[in-house]
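Heads up, the thing below is written out as C-alpha coordinates.
All of these numbers come straight from a predicted model, not from anything done at the bench. Note that the numbering runs from 1 along the sequence shown for the chain.
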Amino acid sequence: MTNIESENFGDDLTTPTIPGLSRMVEVRRSKRRKRSIGAHLEGETVVVSIPYWLSKREEREAVAEMLEKMKKHDLKNRDRKSTRLNSSH
(Lines give C-alpha, C1' and ligand atoms only; values in the text may rest on other atoms or scores of the structure.)
Protein backbone atom coordinates (compact mmCIF):
# COMPACT_ATOMS: atom_id res chain seq x y z
CA MET A 1 0.00 0.00 0.00
CA THR A 2 1.32 3.43 -0.94
CA ASN A 3 0.64 6.60 1.01
CA ILE A 4 1.26 9.94 -0.69
CA GLU A 5 0.56 13.27 0.96
CA SER A 6 -0.69 15.88 -1.49
CA GLU A 7 0.60 19.36 -0.65
CA ASN A 8 -2.22 21.12 -2.52
CA PHE A 9 -5.20 19.62 -0.72
CA GLY A 10 -3.84 17.80 2.33
CA ASP A 11 -5.29 14.59 0.91
CA ASP A 12 -3.93 11.14 1.67
CA LEU A 13 -3.93 8.79 -1.32
CA THR A 14 -3.73 5.04 -0.89
CA THR A 15 -3.88 2.41 -3.60
CA PRO A 16 -4.75 -0.99 -2.15
CA THR A 17 -5.23 -4.05 -4.27
CA ILE A 18 -8.34 -6.02 -3.45
CA PRO A 19 -8.33 -9.78 -4.10
CA GLY A 20 -10.79 -10.78 -6.83
CA LEU A 21 -11.18 -7.22 -8.13
CA SER A 22 -9.99 -6.62 -11.67
CA ARG A 23 -9.65 -2.85 -11.15
CA MET A 24 -7.27 -0.91 -8.97
CA VAL A 25 -8.81 1.08 -6.14
CA GLU A 26 -7.46 4.46 -5.11
CA VAL A 27 -8.60 5.86 -1.77
CA ARG A 28 -8.39 9.62 -1.41
CA ARG A 29 -8.57 10.98 2.12
CA SER A 30 -9.59 14.61 2.29
CA LYS A 31 -9.40 16.97 5.26
CA ARG A 32 -12.09 19.12 3.61
CA ARG A 33 -14.56 16.20 3.26
CA LYS A 34 -16.64 16.09 6.45
CA ARG A 35 -18.94 13.03 6.29
CA SER A 36 -19.76 11.99 2.75
CA ILE A 37 -18.15 9.13 0.88
CA GLY A 38 -18.08 9.01 -2.90
CA ALA A 39 -16.73 6.86 -5.70
CA HIS A 40 -16.16 7.23 -9.41
CA LEU A 41 -14.09 5.76 -12.23
CA GLU A 42 -10.96 7.39 -13.57
CA GLY A 43 -10.02 5.21 -16.52
CA GLU A 44 -9.81 1.68 -15.12
CA THR A 45 -9.26 2.83 -11.53
CA VAL A 46 -12.05 3.13 -8.96
CA VAL A 47 -11.47 6.30 -6.90
CA VAL A 48 -13.12 6.33 -3.46
CA SER A 49 -13.13 9.67 -1.61
CA ILE A 50 -13.44 9.54 2.16
CA PRO A 51 -13.02 11.93 5.10
CA TYR A 52 -9.46 12.13 6.44
CA TRP A 53 -10.45 11.08 9.97
CA LEU A 54 -11.90 7.63 9.12
CA SER A 55 -10.09 4.69 10.71
CA LYS A 56 -8.53 1.97 8.53
CA ARG A 57 -11.41 -0.35 9.45
CA GLU A 58 -13.97 2.29 8.42
CA GLU A 59 -11.97 2.87 5.22
CA ARG A 60 -12.16 -0.83 4.32
CA GLU A 61 -15.90 -0.86 5.04
CA ALA A 62 -16.46 2.30 2.97
CA VAL A 63 -14.47 0.93 0.03
CA ALA A 64 -16.36 -2.38 0.13
CA GLU A 65 -19.71 -0.55 0.29
CA MET A 66 -18.87 1.77 -2.60
CA LEU A 67 -17.57 -1.09 -4.76
CA GLU A 68 -20.80 -3.00 -4.12
CA LYS A 69 -22.87 0.07 -5.06
CA MET A 70 -20.85 0.57 -8.25
CA LYS A 71 -21.25 -3.11 -9.13
CA LYS A 72 -25.04 -2.93 -8.67
CA HIS A 73 -25.18 0.28 -10.70
CA ASP A 74 -23.19 -1.32 -13.54
CA LEU A 75 -25.45 -4.39 -13.54
CA LYS A 76 -28.57 -2.21 -13.56
CA ASN A 77 -27.24 -0.20 -16.52
CA ARG A 78 -26.33 -3.39 -18.44
CA ASP A 79 -29.86 -4.74 -17.87
CA ARG A 80 -31.37 -1.51 -19.17
CA LYS A 81 -29.15 -1.53 -22.26
CA SER A 82 -29.92 -5.16 -23.07
CA THR A 83 -33.65 -4.54 -22.58
CA ARG A 84 -33.54 -1.58 -24.96
CA LEU A 85 -31.61 -3.56 -27.56
CA ASN A 86 -34.02 -6.51 -27.35
CA SER A 87 -37.14 -4.33 -27.52
CA SER A 88 -35.92 -2.40 -30.57
CA HIS A 89 -36.09 -5.52 -32.78
Side-chain angles (χ1 to χ4, degrees):
M1 206 177 317
T2 306
N3 289 323
I4 301 169
E5 189 73 28
S6 170
E7 292 179 30
N8 295 338
F9 302 108
D11 295 342
D12 180 47
L13 307 176
T14 58
T15 309
T17 54
I18 297 176
L21 184 67
S22 60
R23 294 181 172 155
M24 290 294 296
V25 175
E26 181 177 310
V27 176
R28 294 183 183 168
R29 291 176 166 270
S30 174
K31 291 180 181 177
R32 291 184 293 170
R33 185 174 285 273
K34 300 300 179 197
R35 293 190 332 233
S36 64
I37 297 170
H40 66 276
L41 283 174
E42 285 184 7
E44 289 298 313
T45 302
V46 177
V47 178
V48 180
S49 301
I50 62 172
Y52 190 78
W53 51 266
L54 285 185
S55 69
K56 288 294 181 180
R57 180 185 57 79
E58 291 169 318
E59 175 185 327
R60 283 190 306 272
E61 291 170 358
V63 168
E65 180 181 338
M66 295 311 292
L67 290 174
E68 186 62 32
K69 282 184 179 184
M70 290 184 80
K71 181 179 168 184
K72 286 179 183 179
H73 185 264
D74 287 346
L75 290 173
K76 186 187 254 184
N77 284 341
R78 274 191 226 140
D79 287 346
R80 285 184 185 154
K81 286 179 184 178
S82 66
T83 302
R84 272 189 249 139
L85 289 174
N86 291 335
S87 65
S88 65
H89 286 98

Inset, instruction - For E42, check side-chain hydrogen bond (donor to acceptor under 3.5 Å, both in side chains) against everything at least two apart and list the hits. - result: R28, H40

Legend entry - T45/V25 under side chain to side chain contact (heavy atoms under 4.5 Å, CB included): CA gap, chis, key distance, verdict: CA-CA 6 Å; T45 302; V25 175; over 6 Å; no

Legend entry - Co-membership, hydrophobic cluster, residues I37 and V27, 4.5 Å side-chain: yes

Inset, instruction - List in chain and number order the residues that pass side-chain contact (heavy atoms from CB on, under 4.5 Å) with S36, two or more places apart in sequence or in another chain; answer none if no residue qualifies. - result: R33

Could you tabulate the donor-acceptor pairs under 3.5 Å formed by side-chain atoms of residues 60-73, not counting sequence neighbours?
unit_1, atom_1, unit_2, atom_2, d
E61, OE1, R57, NH1, 3.4
E61, OE2, R57, NH1, 2.8
H73, ND1, N77, ND2, 3.4

Legend entry - Check: R29 side chain, L54 main-chain N or O, donor-acceptor pair, under 3.5 Å: yes

Inset, instruction - Treating Ile, Leu, Val, Met, Phe, Trp and Tyr as nodes and any side-chain heavy-atom pair under 4.5 angstrom as an edge, say whether Y52 and V47 lie in one connected cluster. - result: no

Legend entry - Residues forming a side-chain hydrogen bond (donor to acceptor under 3.5 Å, both in side chains) with R35, sequence neighbours excluded: none

